[in-house]
Asker: 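One structure is given below, represented as structure tokens, and several questions about it will come after.
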Amino acid sequence: MTETRLRFPPSPTGYLHIGGARTALYNWLYAKQTGGKLILRIEDTDAERSTEESIQGIVDSLEWLGIDFDEGPYFQTEFAEDHTKAAQKLLDQGSAYKCFCSKETLDAKREAALAAKKPLGYDRTCRNLTAAEVAEKEAAAIPSVIRFKIPERNGALGYDDVILGRIESQYSEVDDFVIVRSNGKPLYLLCNVVDDIRDRISHVIRGQDHMTNTLKQVLMYEALGAPVPVFGHMPLTLDTKKAKISKRSHGEIVSVQFYRDSGFIPWAFNNFLVLLGWSAGNDQEFFTKEELIKAFTFERINKSSAIFNYRKNDPKFFTDPKAISINEHYLRSMDITKLGLMVKKELQADDLWLDTYDAERKNWYLQTLDLIRDRFHTLKDFTTLGRAYFADDFQVDEKPLKKNVLKHEGLKEWFPDLANRYEKLSDFSLEETERVARELATELEIKPGIIINGMRTVVTGQLAGPSMFDILVTIGQEKVVARLRTIATLFA
RNA sequence: GUCCCCAUCGUCUAGUCAGGUCCAGGACAUCGGCCUUUCACGCCGACAACACCGGUUCGAAUCCGGUUGGGGACGCCA
């Protein structure tokens, strides 16, 4: 059995979007499963649209996801010679021919065909030019492209798709496609095949939008005398209107970077991505990396396209609810030490990190995360909703302010009183803090809830949170006392 | 227009290849309940789908044909 070799070949014309990330993930999974190799190849032959920034963005995104590659990144432009040689070979052996039709003529023909509702393919005007005719046109300096010559055969050409099954089409349906531009630069269809042959790619797993390309490329492998790899075409990712998701029409919500910046856990996002078009065949939805590598199969990839359930302006969900829910699952169930590392980065970015959290206060740090993580959706929440645990500059939300504070004028006297009582406690424990709070409520003949909810607002700025006395003990006597004493400023 | 692919709850899907155990299972979302000083978590429950029409068969979500619907491709982009 020869080594399995897969590749992920993005074109650097923008950020990595979730469809591309899923393609990379599936390739990566199979490479890992078979002990094969994953190759990253940047397909930058379109000089006009390729950018350095985009290359960096793609590499960063893959790294964030944890999709590591074994070879590369290779750059397609570095192999221009291979591409040109292959084109020449095809030309020399009669598998390709020069076409002198101008772009304008072709555009006009295409438009006319579209209007007449006729097939749009190339009409093969230059296919049977004699050597003399070609020489004549070249002497006249008429620019030419090179087209691949679809063999004149009856019947169907096709391939066995590991996801879709047998795919076939009539030879007569396939266009004599251009493989080299008039400026001498080879095009994707050719370069891609030449690179895959050189890189000894055994499996080409890509989106269904490449299905017609594959038909053409199968013919090129044959003409180039190379073995045809295994092909598999994955379902596309669509939006809720069933349009292909794209950078252009959807913006950053479909970019991997958005999820990194929104505080997603990388593996959680991979877990979401893999489920968009694949299932293990049972009810399992959460996988460790090892489990997923073991369970993944091409055969279980869905044939139909999946919808990325993102609703613009949804007040409750800023992206696909399932993605959020999977992230929440990992957030509250993952190893607390690992979570600690991720939250550390968030705290550092917001200048809230203290080195003692890695040292004498490590237990406090991890216990605090454990206490508050149940209510959070993303890593970002630790520095926003959870800010009061790490800093004094937290905001008091308007809603709890109105509901729990402003409604009770008496708090202006009660909290300084409570602060004094708390200050005197030698044992600032769950039991003692609760006893004192309830005692005060009894003395004042008010419901304990008024004290408790008011404290939550003053001490954390939030409407909701963990058990109040857990919060007090976690935040600590000194800070609690100080915060309770600021009560009057909230009424200002 | 031509060719290719696809079709189960709102969304992701199991079940389809080997027809009966499926008046269709799970997850997310939604709605109710329990828990609770808050909000979550957790637990319990509800709502909700085999696109349509024919055929084959004792029996079809599953096989066959057609219709409809959706998607993709048809670039001197990748």
Side-chain angles (χ1 to χ4, degrees), chain A residues 9-13 43-46 48-50 76 99 101-103 106-107 110 113-122 143-147 161 164-165 167-170 172-175 177-183 185 187-189 191-192 207-213 215 233 235-236 238 240 242-244 272 275-286 299 302-311 316-317 320-326 328 332 372-376 400 403-404 434 437-438 441 447-453 455-457 462-469:
Chain A
S11 64
T13 55
E43 306 222 320
D44 54 350
T45 52
D46 185 355
E48 287 182 15
R49 296 196 302 151
S50 299
Q76 194 159 56
C99 168
C101 298
S102 75
K103 198 172 191 314
L106 294 174
D107 284 347
R110 214 174 354 251
L114 201 59
K117 303 193 168 181
K118 291 259 177 62
L120 303 173
Y122 177 59
S144 65
V145 300
I146 300 176
R147 285 182 186 274
D161 189 298
L164 298 170
I167 303 295
E168 287 186 339
S169 196
Q170 297 298 309
S172 55
E173 293 292 343
V174 186
D175 225 20
F177 53 95
V178 176
I179 55 176
V180 179
R181 291 180 172 96
S182 56
N183 65 5
K185 301 267 190 228
L187 256 1
Y188 166 79
L189 248 5
C191 300
N192 190 245
Q208 287 185 5
D209 49 346
H210 283 285
M211 283 173 71
T212 49
N213 287 339
L215 251 8
H233 293 91
L236 265 13
L238 273 23
T240 51
K242 298 202 170 170
K244 199 162 89 158
F272 165 72
L275 257 20
L276 215 53
W278 175 86
S279 82
N282 50 38
D283 290 340
Q284 185 173 2
E285 299 215 278
F286 296 106
E299 290 71 24
N302 255 278
K303 294 178 177 176
S304 49
S305 41
I307 293 172
F308 176 61
N309 194 17
Y310 157 67
R311 289 164 199 285
K316 199 164 175 190
F317 301 105
D320 190 316
K322 188 124 184 173
I324 297 175
S325 125
I326 290 175
E328 288 166 349
R332 57 184 184 250
I372 59 183
R373 65 169 162 174
D374 270 0
R375 288 161 187 79
F376 291 170
K403 191 178 168 191
N404 295 334
E434 176 159 10
R438 288 189 185 278
K447 282 189 274 184
I450 295 176
I451 298 286
I452 292 170
N453 291 326
M455 269 202 286
R456 190 190 315 283
T457 307
Q462 297 291 306
L463 181 64
S467 168
M468 191 57 232
F469 303 101

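Proteins come first, then strands; the chains are lettered A, B, ... in the order of their sequence lines, and each starts at number 1.
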Asker: In the structure shown, which nucleotide is the Watson-Crick or G-U wobble counterpart of rG59(B), with both distances under 3.5 Å?
Answerer: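 Answer to the pairing question: none, since rG59(B) forms no Watson-Crick or G-U pair.
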Asker: Please report the distance, rounded to the nearest Å, between CD in Gln284(A) and C1' in rA14(B).
Answerer: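 Result: 14 Å.
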Asker: Decide side chain to side chain contact (heavy atoms under 4.5 Å, CB included) for Val180(A) and Leu187(A); before the verdict, give the C-alpha distance in whole Å, the side-chain angles of both, and the deciding distance to 0.1 Å.
Answerer: CA-CA 6 Å; Val180(A) 179; Leu187(A) 256 1; over 6 Å; no
Asker: Quick one: which of Asp161(A), Asp209(A), Ile167(A) gives a side-chain contact (heavy atoms from CB on, under 4.5 Å) with His233(A)?
Answerer: Asp161(A)
Asker: Can you check nucleotides 43-51 of chain B for protein contacts, nitrogen or oxygen pairs under 3.5 Å, and list what you find?
Answerer:
none

Asker: Could you check which nucleotide pairs with rU16(B) in any of the strands shown, counting Watson-Crick or G-U wobble with both distances under 3.5 Å?
Answerer: none
Asker: Tell me whether the side-chain N or O atoms of Arg375(A) pair up with the base of rC39(B) as donor and acceptor below 3.5 Å, since no angle test is needed here.
Answerer: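 Per atom types, the contact qualifies.
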Asker: Give the B/S/- string for nucleotides 25-31 of chain B, one per nucleotide from 5' to 3', where a protein heavy atom under 4.0 Å of the base yields B, of only the sugar-phosphate yields S, and otherwise -.
Answerer: -BBSSS-
Asker: Among all residues two or more places apart in sequence or in another chain, which pass the side chain to side chain contact (heavy atoms under 4.5 Å, CB included) test with Ser304(A)?
Answerer: Asn302(A)
Asker: Return yes if some donor-acceptor pair links the side-chain N/O of Gln208(A) with the main-chain N/O of Lys303(A) below 3.5 Å, else return no.
Answerer: yes
Asker: Please tell me which of Leu275(A) and Lys403(A) maps to the more 5' nucleotide of RNA chain B, matching each residue to the nucleotide holding its nearest heavy atom.
Answerer: Leu275(A)
Asker: May I ask you to verify if any side-chain N or O of Arg332(A) is less than 4.0 angstrom from the OP1 or OP2 atom of rG42(B)?
Answerer: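 Yes, because at least one side-chain N or O of Arg332(A) sits under 4.0 Å from OP1 or OP2 of rG42(B).
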Asker: When rounded to the nearest Å, what value does the distance between P atoms of rC5(B) and rC9(B) take?
Answerer: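 Here rC5(B) and rC9(B) have their P atoms 23 Å from each other.
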Asker: Rounded to whole angstrom, note down the P distance from rA61(B) over to rC23(B).
Answerer: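 The same atom, P, in both gives a distance of 9 Å.
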Asker: Please report the distance, rounded to the nearest Å, between CD in Glu434(A) and C1' in rU37(B).
Answerer: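 Rounded to whole Å, this separation is 9 Å.
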Asker: Which comes earlier along RNA chain B counting from the 5' end, the contact point of Arg438(A) or that of Ala306(A), where each point is its nearest nucleotide?
Answerer: Ala306(A)
Asker: Please identify each residue that fulfils side chain to side chain donor-acceptor pair (under 3.5 Å) with Tyr188(A), with sequence neighbours left out.
Answerer: Arg206(A), His210(A)
Asker: Quick one: label Gly277(A) by what it contacts on the DNA or RNA (base, sugar-phosphate, nothing), any heavy atom closer than 4.0 Å.
Answerer: sugar-phosphate
Asker: Roughly how far apart are Gln462(A) CD and Asn404(A) CG, rounded to 0.5 Å?
Answerer: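 Between atom CD of Gln462(A) and atom CG of Asn404(A) there are 11.5 Å.
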Asker: In whole angstroms, how far is the P atom of rU8(B) from the NZ atom of Lys303(A)?
Answerer: 13 Å
Asker: Tell me, do Cys99(A) and Val178(A) make a side-chain contact under 4.5 Å, heavy atoms counted?
Answerer: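 No. Closest side-chain heavy atoms not under 4.5 Å.
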Asker: Mind checking the P distance from rC22(B) to rC28(B)? Whole angstroms is fine.
Answerer: 23 Å
Asker: What integer number of Å spans the P atoms of rU68(B) and rA29(B)?
Answerer: 39 Å
Asker: Once you round it to whole Å, what is the distance between P of rC12(B) and CG of Leu276(A)?
Answerer: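 Result: 8 Å.
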Asker: How would you list, by chain and number, every residue that makes a side chain to side chain donor-acceptor pair (under 3.5 Å) with Glu434(A), sequence neighbours excluded?
Answerer: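 Counting only residues at least two positions away or on another chain, Glu434(A) forms a side chain to side chain donor-acceptor pair (under 3.5 Å) with Arg438(A).
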Asker: Quick one: list whatever passes ring-ring contact (aromatic ring centres under 6.0 Å, His included) with Phe286(A), sequence neighbours left out.
Answerer: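 Residues passing ring-ring contact (aromatic ring centres under 6.0 Å, His included) with Phe286(A): His329(A), Tyr330(A).
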Asker: Identify, with sequence neighbours excluded, every residue that meets side chain to side chain contact (heavy atoms under 4.5 Å, CB included) alongside Pro10(A).
Answerer: Phe8(A), Leu40(A), Ile42(A), Ile58(A)
Asker: Across the strands shown, which category fits Arg373(A) at heavy-atom distances under 4.0 angstrom: base, sugar-phosphate, nothing?
Answerer: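 Nothing, no heavy atom under 4.0 Å.
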Asker: What is the nucleic acid contact for Pro235(A), judged by heavy atoms within less than 4.0 Å: base, sugar-phosphate only, or nothing?
Answerer: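 Nothing, no heavy atom under 4.0 Å.
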Asker: Can you check whether Asn453(A)'s main-chain N or O pairs, donor with acceptor, with Thr457(A)'s side chain at less than 3.5 Å?
Answerer: yes
Asker: Can you sort out the partners of Phe308(A) under ring-ring contact (aromatic ring centres under 6.0 Å, His included), two or more places apart, ordered by chain and number?
Answerer: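 If we apply the ring-ring contact (aromatic ring centres under 6.0 Å, His included) test to Phe308(A), skipping adjacent residues, there are no hits.
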Asker: Both distances under 3.5 Å, Watson-Crick or G-U wobble: report the partner of rC22(B), or none.
Answerer: none
Asker: Could you list, one pair per line, each protein nitrogen or oxygen that sits under 3.5 Å from a nitrogen or oxygen of nucleotides 15-17 of chain B, together with the distance?
Answerer:
| unit_1 | atom_1 | unit_2 | atom_2 | d |
| --- | --- | --- | --- | --- |
| rG15(B) | OP1 | Arg300(A) | NH1 | 3.0 |
| rG15(B) | OP1 | Arg300(A) | NH2 | 3.2 |
| rG15(B) | OP2 | Arg300(A) | NH2 | 3.2 |

Asker: Which letters describe nucleotides 72-78 of chain B, given B = protein heavy atom under 4.0 Å from base, S = only from sugar-phosphate, - = neither?
Answerer: SSBSBBB
Asker: Pairing check on rG69(B): which nucleotide meets the Watson-Crick or G-U wobble criteria with it, both distances under 3.5 Å?
Answerer: rC6(B)
Asker: Expressed as a whole number of Å, how far does the P atom of rG20(B) sit from that of rG59(B)?
Answerer: 15 Å
Asker: Could you tell me whether Glu299(A) atom CD has more than 12 heavy atoms of other residues or ligands within 6.0 Å of it?
Answerer: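 Enclosed: over 12 neighbouring heavy atoms sit under 6.0 Å from CD of Glu299(A).
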Asker: In whole Å, measure the gap between the P atoms of rU11(B) and rC17(B) for me.
Answerer: 25 Å
Asker: Considering only the C1' atoms, how many Å lie between rA48(B) and rU13(B), rounded to the nearest integer?
Answerer: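 One C1' to the other, the span is 15 Å.
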Asker: Expressed as a whole number of Å, how far does the C1' atom of rA24(B) sit from that of rA14(B)?
Answerer: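 These two C1' atoms come out 10 Å apart once rounded.
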Asker: I'd like to know if Glu328(A) pairs up with Arg375(A) as an ion pair, taking the criterion as any Lys NZ or Arg NE/NH1/NH2 lying under 4.0 Å from an Asp or Glu carboxylate oxygen.
Answerer: no
Asker: Distance check needed: rC3(B) P versus Gln170(A) CD, whole Å only.
Answerer: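 Spelled out: CD on Gln170(A) to P on rC3(B) is 10 Å.
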Asker: Does rG45(B) have a Watson-Crick or wobble partner in any strand here, with both distances under 3.5 angstrom, and which is it?
Answerer: rC31(B)
Asker: Report the residues that fulfil ring-ring contact (aromatic ring centres under 6.0 Å, His included) with Phe469(A), sequence neighbours left out, ordered by chain and then residue number.
Answerer: none
Asker: With no angle test and no hydrogens, is the base of rU37(B) tied to the side chain of Ser467(A) by a donor-acceptor pair under 3.5 Å?
Answerer: yes
Asker: For rA40(B), which nucleotide in any strand shown is its Watson-Crick or wobble partner with both distances under 3.5 Å?
Answerer: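 Paired with rA40(B), as far as the under-3.5 Å criterion goes, is no nucleotide at all.
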Asker: Tyr122(A): which residues meet the ring-ring contact (aromatic ring centres under 6.0 Å, His included) condition with it, sequence neighbours left out?
Answerer: none
Asker: Counting any heavy atom closer than 4.0 Å, what does Glu48(A) reach on the DNA or RNA strands: base, sugar-phosphate only, or nothing?
Answerer: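 It contacts nothing in the nucleic acid.
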